[in-house]
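Beneath this line is the structure, given in structure tokens, with notes to follow.
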Number of protein chains: 2
Amino acid sequence: MDVKSPRGAYAKGRAKRREILDHAIALFGDVGYRAASLREIATRSGISHPGLLHHFPTKEALLLAVLAHRDEVDGELFTGSTGTDALRRLVDLVRLNAGRRAIVELFTVLSAEATAPDHPAHRFFVDRYRRTVAGVERAYALAGEAGALRPEVDPPAAARHLVALMDGLQIQWLLENCRTDMVPVVRAHIKAQLKAPL
Amino acid sequence: MDVKSPRGAYAKGRAKRREILDHAIALFGDVGYRAASLREIATRSGISHPGLLHHFPTKEALLLAVLAHRDEVDGELFTGSTGTDALRRLVDLVRLNAGRRAIVELFTVLSAEATAPDHPAHRFFVDRYRRTVAGVERAYALAGEAGALRPEVDPPAAARHLVALMDGLQIQWLLENCRTDMVPVVRAHIKAQLKAPL
DNA sequence: CCTACCGATCGGTAGG
DNA sequence: CCTACCGATCGGTAGG
């Protein structure tokens, strides 16, 4: 018995779950959900594929667990910032993403795959984009009310524009094998919309 | 013998090839290249799957034929326009794309899938983006030389920005089931970069 | 263009 | 957590 972890068996199960999630993120990002195999994820995680199905009962459950896990981690990033400050935080998010190719790949590949209405992650991404665009729109609206926005900026259009810009830059960044910098493009865009320097 | 088509056999072969290409575009767009099956494309085209392989020897050959076919059709759109005029034409392209969901789906899904270096279309999309961004950059540069651009517009960054914007809007448009209009967002963006009205 | 087949691989289950 | 298996499906080939 390990004194430092009296619930060693549970801790081990949680660690294995986490290991499976990490390898699932990597493979879903590389080849997409449909083309990824449970056997490959299981082998990378050091277990058999029925072993994997003990932790996640179906392939779809694994996908949804991956998405929920990512939402949980990234959701913490933007709690408490509003208006102009939230727009500034988005530049930080772009910088952060430049350091985690696997996550960027995952969302780029899955969001495209999930445009198909029968894809198991379709609802997730429809809801996610609705929430994201609405959140960015609110940030623009608040910045506008505070008098920080140039008058020609229209919050609804600006929100869709900014989210699209970030997504599109990620495709280019991945195809260029991360050799370019997404940050200045986003930074210059937001800067041009604000009255005060960013 | 049909007098109006003395090479009826050849014409029929070409029509079947074209039919296969159309169904391949639709299925590759719906589920991606890896998850699409030759049997499904063949069935939709009214032949057996070895029959399909008579026209296209491998799955990869079919993919490359689809991409070459699209490049051939769309390449004609921009011959002869330069500078500000080419930027205006890009707005027309967005409007055109809003009328062909299948094509938009195809390129959105495949470009994301092909960010993986070992994807059979990887080279195609790397080259395609290089060419596209370079072409748009040249349009901005020419517009700048003609004095049509606002001074803060930087052609290299503006080119990556505009291409990213178009790609990102397509993802949102597909997830929203084509219920929104991409044109005003792109139009307003380019308009804000030009001195003269669009 | 077809039928019939190949070996490989898939998600999931049985039974322990 | 395992081995062993299920039926289904894959891309491609043989042979006509």
Side-chain angles (χ1 to χ4, degrees), chain A residues 2 5 7-28 30-67 109-110 113-114 116 118-121, chain B residues 5 7-28 30-67 110 113-114 116 118-121:
Chain A
D2 187 340
S5 49
R7 295 172 309 228
Y10 289 149
K12 199 174 162 193
R14 290 173 71 94
K16 184 56 81 178
R17 256 185 77 97
R18 179 57 194 272
E19 196 182 344
I20 294 168
L21 282 177
D22 286 340
H23 290 293
I25 288 170
L27 193 63
F28 287 163
D30 274 346
V31 304
Y33 168 72
R34 285 192 244 244
S37 85
L38 295 179
R39 281 167 170 86
E40 176 64 26
I41 297 168
T43 300
R44 292 185 187 188
S45 307
I47 54 173
S48 66
H49 95 273
L52 187 155
L53 289 167
H54 167 75
H55 294 279
F56 303 95
T58 65
K59 189 184 183 185
E60 188 171 329
L62 175 59
L63 172 66
L64 298 179
V66 162
L67 296 173
V109 170
L110 288 189
E113 201 182 19
D118 65 329
H119 192 283
Chain B
S5 51
R7 295 172 311 231
Y10 290 149
K12 198 175 162 192
R14 291 173 68 96
K16 185 56 79 178
R17 255 186 77 98
R18 179 56 195 275
E19 195 181 345
I20 294 168
L21 282 177
D22 286 340
H23 289 294
I25 287 170
L27 193 62
F28 287 162
D30 274 347
V31 304
Y33 169 72
R34 286 192 244 244
S37 85
L38 295 179
R39 280 168 170 86
E40 177 65 26
I41 297 168
T43 300
R44 294 185 187 188
S45 306
I47 54 174
S48 66
H49 94 273
L52 186 156
L53 290 167
H54 167 76
H55 294 279
F56 304 94
T58 65
K59 189 183 183 184
E60 188 170 330
L62 175 59
L63 172 65
L64 298 178
V66 163
L67 296 173
L110 288 188
E113 200 181 21
D118 65 329
H119 193 282

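Residue numbers start from 1 in every chain, and the chains themselves are labelled A, B, ... in the order their sequence lines are given, proteins ahead of strands.
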With sequence neighbours excluded, residues passing side chain to side chain contact (heavy atoms under 4.5 Å, CB included) with A/Arg34 = A/Glu113, A/Ala116, A/Asp118, A/His119, B/Val31, B/Ala35

key: Partner set under ring pair (Phe, Tyr, Trp, His ring centres under 6.0 Å) for A/Phe28, not counting sequence neighbours   = A/Tyr33

key: Value rounded to 0.5 Å, distance of CG in B/Leu27 from CD1 in B/Ile41   = 5.0 Å

message = Can you measure A/His54 atom NE2 to D/dC2 atom C1' for me and round it to whole angstrom units?
response = 12 Å

note = d(A/Ile20 CD1, A/Ile25 CD1) to nearest 0.5 Å is 12.0 Å

request  = Tell me what B/Ser37 touches on the nucleic acid: a base, only sugar-phosphate, or nothing, going by heavy atoms under 4.0 Å.
outcome  = sugar-phosphate

task = Could you check whether A/Ala61 gets within reach of a base, just the sugar-phosphate, or nothing at all, counting any heavy atom under 4.0 Å?
result = nothing

key: By side chain to side chain contact (heavy atoms under 4.5 Å, CB included) - contacts of A/Leu53 (at least two apart)   = A/Leu38, A/His49

inquiry  = Can you see if the side chain of A/Ser48 gets near the phosphate of D/dC2 - specifically, an N or O under 4.0 Å from OP1 or OP2?
reply    = yes

inquiry  = Within this structure, what is the CD-CZ distance for the pair A/Glu19 and A/Arg14, rounded to the nearest 0.5 Å?
reply    = 15.0 Å

Please enumerate all protein N or O atoms sitting under 3.5 Å from an N or O of nucleotides 12-16 of chain D, with distances to 0.1 Å.
from	atom 1	to	atom 2	distance (Å)
D/dG12	OP2	B/Lys59	N	2.8
D/dG12	N7	B/His49	NE2	2.7
D/dG12	O6	B/Arg39	NH2	3.4
D/dG12	O6	B/His49	NE2	3.0

note = Whichever of A/Glu40 and B/Gly46 has the more 5' nearest nucleotide on DNA chain C, that residue is B/Gly46

ask   = Once you round to the nearest 0.5 Å, how far does CG of B/Leu62 lie from CZ of B/Arg17?
value = 9.0 Å

task = Keeping to residues at least two apart or across chains, list the salt bridge (Lys or Arg N to Asp or Glu O under 4.0 Å) pairs with something in residues 38-67 of chain A.
result = A/Glu40-A/Arg44

request  = Starting at atom CG of A/Leu63, determine the distance to atom C1' of C/dG11, rounded to an integer number of angstrom.
outcome  = 14 Å

ask   = Rounded to whole angstrom units, what separation is found between the CG atom of A/Leu52 and the P atom of D/dC2?
value = 10 Å

request  = Whole angstrom is fine here: how far is it from CG in B/Leu62 over to P in D/dC10?
outcome  = 14 Å

inquiry  = Tell me whether A/Lys16 contacts the main-chain N or O of A/Ser45 through its side chain, where contact means a donor paired with an acceptor under 3.5 Å.
reply    = yes

message = Could you tell me how far apart B/Ile41 (CD1) and D/dC10 (C1') are, to the nearest whole angstrom?
response = 13 Å

request  = Find the bend of the helix from C/dC1-D/dG16 to C/dG16-D/dC1 as the angle between its two terminal axes (five pairs each), to the nearest 10°.
outcome  = 10°

task = Could you identify which residues of residues 15-26 of chain A place a heavy atom less than 4.0 Å from some atom of DNA chain D, listed by residue number, or say none?
result = A/Lys16

